Amino acid sequence: MCPSRRAIPVLLLLAAALPASAGPDAAKDYRKELGKVVARQKTYEKEKLAEDQRAATDVLVAPWRERGGPDAPKVIDYDFSGFSEFYERIADYGREKGQLAVALSEANDEAAATQLVESLVACLGEIAVLDRELCEAKPLSRGISDQGPGARRYAAWLFRDALVEALGKLTDPKALAYLAKKGFAAAEDGDRKNRSAHARVALLDAVTAASAALATAQAASKEPRLRIAALQALARAAPGPATEALLKSAVAEDPCFAVRAAAEAQLGEAKPEAAEGAPAFFGIPVEAQRLLILLDTSSPTVKPADVELMKEKSYSEWRAVAEKDRTWLTQLALMCTETRDLLGSLPADARFDLLDLGDGDRVTALSQKGLIAADEAGRRRAVEFLAGLVPGGYVSQIEALWEASRRIGADPFGTALPDAPQADLVILVSNGVPHGGPLMHGPAILDDVFRRHRFLRVPIHTVRVDDCAAPADDVMKGIAELTGGRYVHCTKP
């Protein structure tokens, strides 16, 4: 999305006030202009946010209001344009703050560096608060949670990225010395308060060739997230034999799976092709030995898996047909068939779990004690579990992925990373429609996936059923691409 039109005049005014020699004044002007943006955002959130969120919900369900009318189409999609406008309206505040930060970097001195780090720590403190709100979010109506925290967090991450960009533009020796010592110490303090690693990771993300010593030091950190960020910084800012040796050492010796995987990615090591005859799921080869399979069993999965057949009747008509009278394969039945076939093809020493994303708007697992063996007993339990699934309810894709992260061993809102993840592959089957939960904007969902996968490193294969309109394809395809998984859109059994 283009920068907000209202941000451009402010940026021009600030740029004119930031000559390279006027560091203290530049920081003062930055704080003044930033305060104006913050004040406008607070006014909007107080006076208009709730109203705009209700309007977005009305737009979402508007196509369904005429579903019983004579001119209603057989296939009715939700309209996400209202939520897109809602999220991007708030995101513009983050972009505007970011423009101010980049303009401040032109002062290129210690005062600018100090102010940028202060803003960074404050921004990430806000993100920590919003993470907690998202974690505790409850549906307000139609399964939709308050979208304010998710939209504000999306905007805050945009501001964070601009602050990293601004910090990366600094070349003044005093500014760089500040970042390496006092700035990093301030980031440590902020992370300690927020129980996070975000601020230190951000400073590593701002590392340039002139400040690579910071990344070299943190490559030996006790915290896996910092080791990952440091190795990535070195690969970007200081490529060469020394960095290559560090990366190879990490691949061979680091105790944490995610660090090893990140180092392999920086070295550009290609993954081997799947062996011929490997088990497959909707045509995707599956060689992983520890699987989490997430099945979206929401109400629409009562419709035919054959998309062309599905278009011949409305959802209400398909739903009204009794199960004994169905002569077609439903989307849910196809999911179950593919899952049974995959589990039957796995070696007995493989392990798996199944998660039902639709049982009363909550995630229900086959096993409450972790993955189970894909032996005869485990497969029998899976067949019984699948036989009990019925279309109904809804769990959003992002909430399902957060739960998958927990079961892998990494709290999605925490800092710890397991040395060995409980699963090495996640498979998500869904129609791709985020019509409930705490995030209702495709780019915000993918932004969350991207930031979490950076440190989790477990690929996600996605299978899209049905043929829903935007943002279904972008969400499902994006999740796979961002995590190194495979994506298929199944339109016919």
Side-chain angles (χ1 to χ4, degrees), residues 257-258 260-262 264-265 268-297 301 305 307 331-332 334-347 350-355 357 371 374 396-398 400-405 407-408 421-434 442-443 445-468 470-493:
F257 162 82
R260 298 195 300 272
E264 286 177 349
E269 296 184 1
K271 298 292 183 182
E273 295 291 329
E276 186 175 348
F281 186 72
F282 283 90
I284 300 175
V286 175
E287 290 193 304
Q289 295 294 295
R290 295 170 296 165
L291 313 178
L292 271 179
I293 303 175
L294 284 54
L295 302 175
D296 175 354
T297 63
T301 57
V307 167
Q331 294 171 18
L332 178 56
L334 178 60
M335 291 183 202
C336 293
T337 297
E338 287 282 339
T339 302
R340 284 193 298 268
D341 290 347
L342 172 62
L343 297 180
S345 302
L346 293 177
R351 302 183 69 81
F352 73 95
D353 198 4
L354 308 178
L355 274 62
L357 317 180
L371 305 186
S396 69
Q397 295 95 346
I398 196 63
L401 294 178
W402 292 344
E403 180 61 22
S405 179
R407 290 172 179 272
I408 287 169
Q422 295 301 302
D424 47 25
L425 177 66
V426 174
I427 302 175
L428 170 64
V429 189
S430 172
N431 62 15
V433 178
I445 293 171
L446 296 180
D447 186 69
D448 184 282
V449 170
F450 166 75
R451 296 182 194 278
R452 297 188 192 285
H453 177 72
R454 178 183 181 185
F455 300 107
L456 188 56
R457 296 283 164 171
V458 173
I460 304 172
H461 292 332
T462 57
V463 178
R464 181 161 79 98
V465 294
D466 212 318
D467 197 26
C468 301
D473 189 69
D474 288 345
V475 167
M476 295 294 281
K477 186 176 182 180
I479 290 171
E481 290 181 344
L482 288 171
T483 62
R486 296 270 300 270
Y487 164 75
V488 296
H489 180 195
C490 179
T491 59
K492 193 175 184 65

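We count residues from 1, following the sequence as given. Note that the coordinates shown come from a computational prediction; the quantities given were computed from them, not determined experimentally.
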Non-hydrogen atoms of [X] and [Y] that approach each other most closely:
X      : Y      : result
Pro421 : Arg290 : O-NH1, 2.5 Å
Pro434 : Gln397 : CA-OE1, 3.5 Å
Pro347 : Ala374 : O-CB, 3.7 Å
Leu294 : Ala400 : CD2-O, 3.6 Å
Ala288 : Asp424 : CB-OD1, 3.1 Å
Arg451 : Asp447 : NE-OD2, 2.9 Å

(message) Taking side-chain contact (heavy atoms from CB on, under 4.5 Å) as the definition, give me every residue that meets it alongside Arg486, ordered by chain and number, with sequence neighbours left out.
(response) Ile284, Pro285, His461
(message) Checking Arg351 now: which residues fulfil salt bridge (Lys or Arg N to Asp or Glu O under 4.0 Å) with it, not counting sequence neighbours?
(response) none
Is there side-chain contact between [X] and [Y], with at least one heavy-atom pair below 4.5 Å?
X      : Y      : result
Phe281 : Val429 : yes
Leu295 : Thr301 : no
Ile479 : Tyr487 : no
Leu342 : Leu291 : yes

(message) Are more than 12 heavy atoms, taken from residues, nucleotides or ligands other than Phe450, located less than 6.0 Å from that residue's CZ atom?
(response) no
With a 3.5 Å distance limit and no angle check, can you tell me whether [X] reaches the backbone of [Y] through a side-chain donor-acceptor pair?
X      : Y      : answer
Thr462 : Met476 : yes
His489 : Asp466 : yes
Thr483 : Ile460 : yes
Arg407 : Ala423 : no

The single option from [options] passing side chain to side chain contact (heavy atoms under 4.5 Å, CB included) against [X]:
X      : options                        : value
Ile398 : Val475, Leu446, Val449         : Val449
Leu428 : Leu355, Leu357, Ile293         : Leu357
Ser405 : Val426, Val458, Leu456, Leu292 : Leu456

(request) Flag the pair Arg260 and Glu264 as a salt bridge only when some basic side-chain nitrogen lies within less than 4.0 angstrom of an acidic carboxylate oxygen. (result)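 Between Glu264 and Arg260 there is no salt bridge, as every charged N stays at least 4.0 Å from the carboxylate O atoms.
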So, taking the atom named [atom1] in [X] and the one named [atom2] in [Y], what distance separates them when rounded to the nearest 0.5 Å?
X      : Y      : atom1 : atom2 : answer
Thr339 : Phe282 : OG1   : CZ    : 7.0 Å
Phe352 : Leu343 : CZ    : CG    : 5.0 Å
Leu401 : Asp448 : CG    : CG    : 8.5 Å
Ile408 : Glu403 : CD1   : CD    : 10.5 Å
Cys490 : Asn431 : SG    : CG    : 13.0 Å
Leu425 : Gln289 : CG    : CD    : 11.0 Å

(request) Start with the C-alpha distance between Gln331 and Leu334, add both sets of side-chain angles, then the distance that settles side-chain contact (heavy atoms from CB on, under 4.5 Å), and finish with yes or no. (result) CA-CA 5 Å; Gln331 294 171 18; Leu334 178 60; 5.8 Å; no
